[in-house]
Amino acid sequence: MKRERSEQLYKEALDLFPGGVNSPVRAFRSVGGTPLFFTRGEGALLHDVDGNTFIDLCLSWGPLILGHAHPAVVEAITRRVAMGTSFGAPTEEENRLGRMIVDHIPFVDRVRFVSSGTEAVQSAVRLARGATKRDLILKFDGCYHGHVDSLLVNAGSGLVTFGTSSSAGVPEDLAKLTVVVPLNDHDALEQVFRTHGPRLAGAIIEPIPANNGLLLQERSFLERLRELCTAHGTLLIFDEVISGFRVGFAGSFCVNGIVPDLVTYGKIIGGGMPVGAYGGRLDLMKHIAPEGPVYQAGTLSGNPVAMAAGLAQLTECLRPGFYEALEARTASLCTTVNAHAKAKGYTYHLDHIGSIFWGFFADTEHIRRADAIDGASMRTYAKLHAALLERGVYAAPSGYEVGFLSAAHTDAQVQRVAQAMCEALDAVM
Ligand SMILES: *Cc1c(COP(=O)(O)O)cnc(C)c1O
């Protein structure tokens, strides 16, 4: 595999951007080596500047559920962009995407478009605080909610702890307004509401945590969280930036039927363009400016080109059988690799939900909390990642990141991925 051109471009980038990149994990720090520079994507395939071609399992970290350059998305963007890129005024496209969401997601009465997942989360947290007139936010260790100041916090060593900031530049006084408990820990959940319930404005969780491994939660844990939020007047915020439109059109609701008070979206919603959104019940969304006192705005919010891309992509997602087909292909990938690992006695397992999958080096079928992940195994992941690249498969450059399949991945391509994974495991284990 040739890497000369990518290496040269990365060298140039190091003189331009912090760490040579515009988002940290792209720098390949956790797998070693230098990042690949890409030129073109088509369907499941990615082409880099050195002429290598890969089957893509990263898919821009989730947004590309139709694969690269889907004809309907390209057509929608091209048609819309020729009429102007932004007006800072309402367009019909916003109504159409808004209508699609409100009509198909039972707990979203009103939605507000923003330009990223981070912005959606930040706005939803502000709304929760504004609507409840409380300050504390509950978060779960192992969930990622973008680079929102109050959520860039780590758990301490106790069962229920006030956050300590996990990034320089986040004041400890702000981090202290976030309470952190482990995922899937029933005792900690009871205790945090017993201690802080009346002061909790909101509880934010990825109902399908997929940013620090895939930490599938027991349904009873999410159900109890819902009950406790209701009992204490705490707003339940589902951060579905990754799971929304991914495991089903209505996200985790399609899996477990649990209803949040507020929800955040990003990634898939924009068809590969920068879009985020937050929404929920009418009485809550009424607090948002200009209707209510919670301020939130955006120069490029509801951008018509991005709305057109989102509409085109979500239209495809609504086709009958869309999610079933994706799930079936992902299940087949996982079954093949898991059978191989088992036959060879490797301590490796692929867990999945819908078209999200994650492999880990432990002798169990599910990992449900962040502190159960073996940090040392990430060195093995780095070798696996390199072995996959050599075999023409581009997986996320971090063992804590999940993989995705798109509707563009054919059965033959999925089989090639499965074979590459089995061979890579043979080479590494
Ligand atoms: C990706 C992600 C975010 C952040 O979205 P950006 O568009 O990167 O700002 C927030 N929450 C979850 C669950 C995510 O997966």
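Just follow the structure's listing: the first ligand is 1, and inside any ligand the first atom is 1. These numbers were taken from a predicted model, which means no experiment stands behind them.
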Which of the atoms of ligand 1 are close to [X], meaning less than 4.0 Å from one of its heavy atoms?
{"X": "Asn211", "value": "12 (C), 13 (C), 14 (C), 15 (O)"}
{"X": "Glu206", "value": "13 (C)"}
{"X": "Thr118", "value": "4 (C), 5 (O), 6 (P), 9 (O)"}
{"X": "Ile242", "value": "15 (O)"}
{"X": "Ser116", "value": "7 (O), 9 (O)"}

Legend entry - Side chain, backbone, both or neither: His145 near ligand 1, heavy atoms under 4.0 Å: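 Near ligand 1, His145 shows its backbone, while the atoms from C-beta on stay back.
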Inset, instruction - Going by the ring pair (Phe, Tyr, Trp, His ring centres under 6.0 Å) test, name the single residue among Phe238, Phe245, Phe249 that passes it with Tyr265. - result: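 Filter result, single survivor: Phe245.
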Inset, instruction - Assess whether atom CZ of Arg224 is packed by more than 12 heavy atoms of other residues, nucleotides or ligands within 6.0 Å. - result: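 Correct, the count exceeds 12.
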Inset, instruction - Give a yes or no on whether Phe87 atom CZ has more than 12 heavy-atom contacts from other residues, nucleotides or ligands under 6.0 Å away. - result: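 More than 12 within 6.0 Å, yes.
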Legend entry - Shortest reach to atom 11 (N) of ligand 1 by a heavy atom, considering only Asp239, Thr264, Leu151, Val275: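 It is Asp239 whose heavy atom sits nearest to atom 11 (N) of ligand 1.
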Inset, instruction - Among all protein heavy atoms, pick out the one at the shortest distance from atom 3 (C) of ligand 1; state its residue, atom name and that distance to 0.1 Å. - result: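 Protein heavy atom with the smallest distance to atom 3 (C) of ligand 1: Val241 CG1, 3.7 Å.
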Inset, instruction - Give the residue and atom name of whichever protein heavy atom lies nearest to atom 1 (C) of ligand 1, and the separation in Å to one decimal. - result: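 Result for atom 1 (C) of ligand 1: Lys267 NZ, 1.6 Å.
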Legend entry - Gly117-ligand 1 polar pair, N/O distance under 3.5 Å: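 Indeed, backbone or side chain, Gly117 has an N or O that close.
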Inset, instruction - Please test His196 against Phe162 for ring-ring contact (aromatic ring centres under 6.0 Å, His included), starting from the C-alpha separation and ending with a verdict. - result: CA-CA 11 Å; His196 303 298; Phe162 287 101; 5.0 Å; yes
Inset, instruction - Measure the spacing between CG of Leu350 and CZ of Phe360 and express it to the nearest 0.5 Å. - result: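 Between Leu350 CG and Phe360 CZ, I get 8.5 Å after rounding to 0.5 Å.
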Legend entry - Between Asp239 and Thr264: side-chain donor-acceptor atoms closer than 3.5 Å: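 There is such a pair between these side chains.
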Legend entry - Criterion side-chain hydrogen bond (donor to acceptor under 3.5 Å, both in side chains) on Arg246 and Ser355, from CA distance to verdict: CA-CA 7 Å; Arg246 170 56 70 180; Ser355 51; 2.9 Å; yes
